[in-house]
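Below is one structure; the comments refer to it alone.
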Amino acid sequence: MSELYIRVAEDESEEPMEIPSEDDGTVLLSSVAAQFPGACGLRYRNPESQCMRGVRLVEGVLHAPENDWGSLVYVVNYPKDNKRKMEEIDAASAVKVKRGFQKTSDLIVLGLPWKTSEQDLKDYFSTFGEVIMVQVKRDAKNGNSKGFGFVRFTDYETQTKVIAQRHMIDGRWCDCKLPNSRMCPDEPMRSRKIFVGRCTEDMTPDDLRQYFMQYGEVTDVFIPKPFRAFAFVTFADDQVAQALCGEDLIIKGVSVHISNAEPKHNNIHQLFPNFPGGSASLAAMFDRSRYQFPSSHV
DNA sequence: GTTGAGCGTT
């Protein structure tokens, strides 16, 4: 009974791949998903009826029909629509639960001439796309420009385009960047990892993997031990992760809350490996920095 | 009344 493999393919016409079964004869959905990312189940053609038939799936475990997998070729089920492949599923999920996805954020404009006004900025940036707001930062007392400002666009595409190039404004080259002042902003961070809050102790890593699979390929699940009522789930695609942020989802009958996984900072060398000067200068740099990390959960 | 890498009074 050991070393049993079942034959699985994406389509009946495709060459099957052998997937290992467990000692008790069942096959883990995660074993299938390891070869077919995004898979959510299996089906097969019943030799008698010639109809496709679903394989029983309980808590992430696939059970052999009639207790025997036989030599049939099992076909992978994908979420929502059997015929679609992962990329399309990712895109569809991202659009469906769209949130914070491709939202624009303020851009800092560096290097402005002292004379440039907000109207000048608006006139210039409007040539790229619709402008929501512009600001020129000025000295409170004399009203002199500090030589930088902010701009926000309606469309994310415009923002991307503007960041990608230098800008000649009133005779000076200027740069547009994402500001680093926002640590838990309404945009970027573009993490592929989500924070799953309000977890219960009976949720296993496999439970979470099985559940989140429906949204896209899951690359990692982390549940801190001892139990701390939260978990981290990492997707292959940041858009899937971002799209889920803010959602309340029901897992094993429990409402969990999804938010952005904040970067861990317990080891600054994870962020800057091989920093010149060693740990002392790196730590000193961070102490001096205005840059504040949010509290970490790890 | 200056300046030229940066990071946002309300």
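Each chain gets a letter, A, B and so on, in the order its sequence line appears, and its residues count up from 1. All heavy atoms count here, side chains included; hydrogens, waters and symmetry mates do not. Source: prediction; values computed, not measured.
- Atom CG in A/D139 sits about 14 Å away from atom P in B/dG8, given to the nearest Å.
- Considering only residues two or more places apart in sequence or on other chains, A/Y44 meets the ring-ring contact (aromatic ring centres under 6.0 Å, His included) condition with A/Y74.
- Between the C1' atom of B/dG4 and the NZ atom of A/K177 lies a distance of 13 Å, rounded to the nearest Å.
- The closest donor-acceptor contact from the side chain of A/Q159 to the backbone of A/S105 lies under 3.5 Å.
- Considering only heavy atoms from C-beta on, A/F153 stays 4.5 Å or farther from A/K161 through its side chain.
- In this pair, A/F148 does not lay its aromatic ring on the base of B/dC7; centres under 5.5 Å and planes under 30 degrees do not both hold.
- Atom NZ of A/K141 and atom C1' of B/dG1 are 15 Å apart (whole Å).
- For residues 26-35 of chain A, the set of pairs meeting the side chain to side chain donor-acceptor pair (under 3.5 Å) definition, not counting sequence neighbours, comprises A/D24-A/T26.
- Set against B/dG8, B/dC7, B/dA5, the side chain of A/K137 has B/dG8 as its closest nucleotide.
- In the hydrophobic clustering, A/V61 connects to A/L28, either directly or through intervening members, whenever side-chain heavy atoms lie under 4.5 Å apart.
- With hydrogens and angles left out, the side chain of A/N144 and the base of B/dG1 share no donor-acceptor pair within 3.5 Å.
- Distances were taken from every side-chain heavy atom of A/W114 (C-beta onward) to each of B/dG6, B/dG8, B/dT3; the shortest belongs to B/dT3.
- Here B/dG8 presents its P atom at 11 Å from CD of A/Q135, a figure rounded to the nearest Å.
- By the salt bridge (charged side-chain N to carboxylate O under 4.0 Å, His left out) test, A/R198 is found to be paired with A/D248, residues two or more places apart in sequence or in another chain being considered.
- Non-hydrogen atoms lying under 4.0 Å from DNA chain B are contributed by A/R172, all within residues 168-176 of chain A.
- Look at CZ on A/R166: it is 12 Å from C1' on B/dG4, rounded to the nearest Å.
- Position along DNA chain B of the nearest nucleotide to A/R138 versus A/G147 favours A/G147 as the more 5'-ward residue.
- For the pair A/K146 NZ and B/dG8 P, the computed distance is 8 Å after rounding to whole Å.
- Residue A/N142 is the one, among A/N142 and A/L107, whose nearest nucleotide of DNA chain B lies closer to the 5' end (criterion: closest heavy atom).
- Looking at residues two or more places apart in sequence or on another chain, you find a side-chain contact (heavy atoms from CB on, under 4.5 Å) between A/I251 and A/M203, A/L208, A/Y211, A/F212, A/V256.
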